[in-house]
Enquirer: 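Got a structure here, written out as structure tokens. Questions coming.
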Amino acid sequence: MRKATLFAGLVAGFSTFAFNAAQAVEIEYWQYVFETRVKAMDQLIAEFQKANPGITVKQVTFPYADYQTRVIAANMAGQGPDVMQLFYGWLDKFVSGQLLQPLPTNMFPHDKIESEFFPIVSAMKRGEDYYGLPTAVRSLALFYNKKLFTEAGLDPANPPKTLDEFVAAAEKIAKHDASGNLTVAGSTLDMGGQDHQWWREVLIRQFGGTPYTDNDAKVAYDSEAGIKALTFYTSLQLEKKIGQAGFMDEGQAAFRGGKAGMTIDGTFRLGSFKTIKDFEWGVTELPANAQGVRSNYASYFANGISSKTKGEELEASKKFLAYITSPAAMEIWLKTVGELPARRSAALTEANLKDPVYGPFLKGLEYAHTTLFKDEAAQRQNAIDMANRVLLEGQSVKDSIKQAAEAEQEIIDAAKP
Amino acid sequence: MAAIEQRGAASDRPGRSFGDRISMRTKRLLWVWGFLALPILFYTVIRFYPTFQAFYLSFTNWDLLRPAKFIGAANYVKLFKDPQFWKVFKNTFTYLIVGTPISLVLAFVIAFFLDRVRLLHGFIRALYFLPYLTTAAAMAWVWRWFYQPPPIGVINDVFGMLGIPQQPFIRSVDQALFSIMVTAIWAGLGFQIIIFMAGLRAIPTTFYEAARIDGLGEWAILRKITLPLLKPTTVFLVVFSSIGFLRIFDQVYNMTTNDPGGPLGSTKPLVLMIYQTAFNSYAMGYAAAQTVVLFTILLVVSLLQLFILRDKK
């Protein structure tokens with residue numbers, strides 16, 4: 001049996017070799033290292049090569065911390081990838097640095113993109129052109145620990161739907177020792193995790209404001225709504241004592257360790273939480289406000305074509321990009337990585353919507369917002385500092401918001417090309 | 001052998017090949033420089049060229065993506081106006097000014113007494129040296145967990161048992177820097193102890209014998225003999241440890257990865273700021289300007305220390 005497969009492999013190898021000799025095109029695809037993503041891409045490449053025998057795709061990966069630098073440095077050296085993965089928040093930088101070429105409209109017509117993908121892909125549009133398309137998208141949801149829910153006398157089949165219910169449930173779950181130290185958190189508080197997105201795109205809107213105006217180039221949260229949103233967030237620790245920033249180091253660690261009743265996190269955490277053995281957990285939509293207003297933050301890694309790719313390679317790259325953003329590819333990606341399909345038709349299937357895990361994330365996508373970050377790391381840091389000034393230094397929420405808004409406006413202005 | 005004899009005799013005889021005409025001395029020099037050329041070339045390409053390049057970059061607005069444009073001293077003006085830079089500057093010098101003396105005094109005291117211990121001497125010395133061999137990143141993570149609030153932080157658990165109030169450590173703007181400094185001191189201690197002990201052993205015992213015969217007390221011996229004769233060792237360690245504290249990065253970065261250099265920038269050293277400017281914001285020109293400032297600080301501090309601790313003749 002083994003000999004037979006070996007022989008078959010050899011024959012197959014020779015035949016593709018012979019074929020390639022005639023019209024071989026090799027293109028390079030770059031993404032960062034994340035085991036399931038690399039595996040899914042291997043599978044997609046295999047499928048693609050089967051359908052397009054003249055093209056070979058070489059996958060090149062780098063650790064996440066290095067990835068952006070590598071792409072930029074390789075571009076300078078003129079040796080970059082043909083098709084690359086990029087975070088939507090890097091697009092301004094990549095477009096102004098001429099790393100990407102616009103997607104050709106004959107193969108990727110705008111009306112098709114706009115009708116078939118979730119509206120958040122508009123973040124890949126600059127001027128009249130789209131510069132990339134995602135295979136998968138991510139959104140946020142509320143994870144909850146069913147065991148802690150039961151212990152606190154809450155119904156694990158009926159997780160909180162509104163912010164008030166969320167606070168009430170957290171208060172019931174939270175436990176403190178005799179000297180007042182938190183031993184079990186009702187909900188995690190971790191601005192460095194996903195809370196800054198929750199605050200920015202969800203809470204501010206739920207308290208009646210908008211985080212930014214002018215295509216996210218103007219900070220608008222130095223407002224009544226911004227103050228109310230941050231007051232709500234910081235009061236979770238300062239008054240209601242349902243959680244504590246830095247509790248068990250990180251929010252996700254506290255939840256994993258079974259020491260937190262709830263945590264807000266993204267689809268990308270599913271892989272890690274699926275290995276939890278000590279308790280059952282559930283997922284529900286992010287809580288609505290009293291008026292039923294919901295919001296969510298969605299993000300994604302898109303795939304774009306390098307500005308240096310030309311001729312045969314460009315044709316092959318276009319085909320490859322079309323394949324990895326096709327519904328078939330999205331299904332493979334969902335199964336392997338657990339990230340949601342970027343096309344409505346592939347995402348909003350009945351089976352997916354009924355799925356207890358994917359369902360809440362998918363519902364979130366419908367009303368999700370995507371912040372057009374100019375300098376994601378610096379803007380995130382700014383939100384962390386804003387909360388810390390209130391939590392650690394006792395600064396008033398109003399002053400902290402004002403300071404944060406001014407600092408963030410400076411970051412945004414400095415990043416303008 | 002024959003060649004050498006010949007060379008000695010024929011060095012100034014005309015009509016011979018070039019190799020025979022140059023003197024023994026020149027030949028030796030050629031050999032020496034021949035061997036030295038390799039490291040010099042290496043250093044020029046790997047060290048000096050990038051250093052000068054950094055000086056040049058610090059006057060540009062290079063961001064990796066577009067060609068660098070000369071912008072004069074704008075980066076330096078921006079840097080000196082940046083309140084974050086002054087905070088980081090203060091942090092860096094706190095690491096230096098508090099960390100260096102504490103670590104040296106501690107290392108000396110331990111070395112001084114360890115030198116007299118005969119029982120399990122090697123074992124104890126190895127124990128002190130062990131942290132120096134461990135990866136800084138791994139140690140930083142262990143300490144990071146030690147410092148956690150209850151219920152998982154070991155130190156706070158012990159405090160709880162002893163009835164001491166809980167401390168926030170790395171979650172506090174006042175304590176975080178010192179909490180991290182402790183781990184850096186602990187990590188470097190083993191190396192300093194070994195160097196101090198080598199220095200102590202190098203002092204001839206006859207000096208001590210003579211002093212004892214003259215009736216000098218232990219304290220006087222320490223002050224008049226041990227410390228003065230240990231000066232070269234101390235100078236080396238002061239400079240070495242200062243440079244280490246000025247360049248502190250691993251501990252800070254690994255203990256505060258969620259909020260690098262935080263909370264609120266209270267632990268951020270200059271090197272971390274450079275790293276973030278260069279590899280998070282890709283402002284290479286600005287980062288180069290910060291590097292030049294760090295280089296200048298390192299140079300001035302080292303020269304100053306060498307000057308203060310020089311041998312007065």
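Because the structure is a prediction, the values reported are computed rather than measured.
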Enquirer: Please verify the inter-ring angle class for Trp86(B) with Phe89(B); under 30° counts as parallel, over 60° as perpendicular, anything in between as tilted.
Expert: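 Trp86(B) vs Phe89(B) ring planes: perpendicular.
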Enquirer: We want to know whether Gln381(A) and Asp385(A) form a side-chain donor-acceptor pair, criterion being a heavy-atom distance below 3.5 angstrom.
Expert: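 Looking only at side-chain atoms, Asp385(A) and Gln381(A) do form a donor-acceptor pair, the distance falling under 3.5 Å.
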Enquirer: Shorter than 4.5 Å, heavy atoms on both sides: which option in Ile152(B), Ile170(B), Leu264(B), Asp259(B) has the most such pairs with chain A?
Expert: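 When all of Ile152(B), Ile170(B), Leu264(B), Asp259(B) are compared, Leu264(B) has the most.
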Enquirer: Evaluate Arg256(A) against Ser272(A) for side chain to side chain donor-acceptor pair (under 3.5 Å), listing each step before the verdict.
Expert: CA-CA 9 Å; Arg256(A) 256 194 88 86; Ser272(A) 151; 3.2 Å; yes
Enquirer: Classify the angle between the aromatic ring planes of Phe373(A) and His196(A) as parallel (below 30°), tilted (30 to 60°) or perpendicular (above 60°).
Expert: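 If you compare the ring of Phe373(A) with that of His196(A), the planes turn out tilted.
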Enquirer: Quick one: what part of Pro149(B) sits under 4.5 Å from any heavy atom of chain A, side chain, backbone, both or neither?
Expert: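 Answer is side chain: those atoms of Pro149(B) sit under 4.5 Å from chain A.
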Enquirer: May I ask you to decide if Tyr253(B)'s main-chain N or O and Thr257(B)'s side chain share a donor-acceptor pair within less than 3.5 Å?
Expert: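 No: the side chain of Thr257(B) does not pair with the backbone of Tyr253(B).
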Enquirer: Can you label the angle between the Phe279(B) ring and the Tyr275(B) ring as parallel, tilted or perpendicular, going by 30° and 60°?
Expert: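 Judged by the thresholds at 30° and 60°, the geometry between Phe279(B) and Tyr275(B) is tilted.
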Enquirer: May I ask you to check whether Glu250(A) and Gln252(A) show a side-chain donor-acceptor distance below 3.5 Å?
Expert: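 A donor-acceptor contact under 3.5 Å links the two side chains.
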Enquirer: Identify the residue among Phe94(A), Tyr32(A), Tyr131(A) that makes a side-chain contact (heavy atoms from CB on, under 4.5 Å) with Leu86(A).
Expert: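 Of the listed options, the one satisfying the test is Phe94(A).
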Enquirer: Would you say Leu189(A) and Tyr233(A) make side-chain contact, with heavy atoms under 4.5 Å?
Expert: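 A side-chain contact exists here, since the closest heavy-atom pair is under 4.5 Å.
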Enquirer: Counting only non-hydrogen atoms closer than 4.5 Å, does Tyr147(B) touch chain A with its backbone (N, CA, C, O), its side chain (CB onward), both, or neither?
Expert: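 Neither part; nothing is under 4.5 Å.
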Enquirer: Parallel, tilted or perpendicular: which one describes the rings of Trp90(A) and Phe301(A), with boundaries at 30° and 60°?
Expert: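 Perpendicular: the ring planes of Trp90(A) and Phe301(A) meet at over 60°.
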Enquirer: Tabulate, in ascending numerical order, the residues of residues 69-76 of chain A having at least one heavy atom closer than 4.5 Å to a heavy atom of chain B, or enter 'none'.
Expert: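 Thr69(A), Ile72(A), Met76(A) fall under the 4.5 Å cut-off.
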Enquirer: Is it the side chain or the backbone of Leu99(A) that comes within 4.5 Å of chain B heavy atoms, both, or neither?
Expert: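 For Leu99(A), side-chain heavy atoms alone lie under 4.5 Å from chain B.
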Enquirer: Is it the backbone or the side chain of Glu393(A) that comes under 4.5 Å from a heavy atom of chain B, or both, or neither?
Expert: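 Just the side chain, heavy atoms under 4.5 Å.
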Enquirer: Mark yes or no: Lys93(A) above the aromatic ring of Tyr282(B), with NZ or CZ under 6.0 Å from the six-membered ring centre and no more than 45 degrees from the axis.
Expert: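 Not satisfied by the 6.0 Å and 45° rule.
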Enquirer: Between Gln148(B) and Asp249(A), is there a donor-acceptor pair closer than 3.5 Å when you use the side chain of the first and the backbone of the second?
Expert: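 Yes: the side chain of Gln148(B) pairs with the backbone of Asp249(A).
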Enquirer: For Arg389(A), is it the side chain, the backbone, both, or neither that has a heavy atom closer than 4.5 Å to a heavy atom of chain B?
Expert: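 Both parts, backbone and side chain.
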Enquirer: Look at the rings of Tyr88(A) and Tyr297(A) and say which category their plane angle falls in: under 30° parallel, 30 to 60° tilted, over 60° perpendicular.
Expert: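 Tilted, since the angle between the ring planes falls between 30° and 60°.
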Enquirer: Heavy atom to heavy atom, less than 4.5 Å: which residues from residues 37-62 of chain B reach chain A?
Expert: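 Expected list: Trp62(B).
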Enquirer: Most heavy-atom pairs under 4.5 angstrom with chain B, which of Ala378(A), Ala245(A), Ala377(A)?
Expert: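 Between Ala378(A), Ala245(A), Ala377(A), the count favours Ala245(A).
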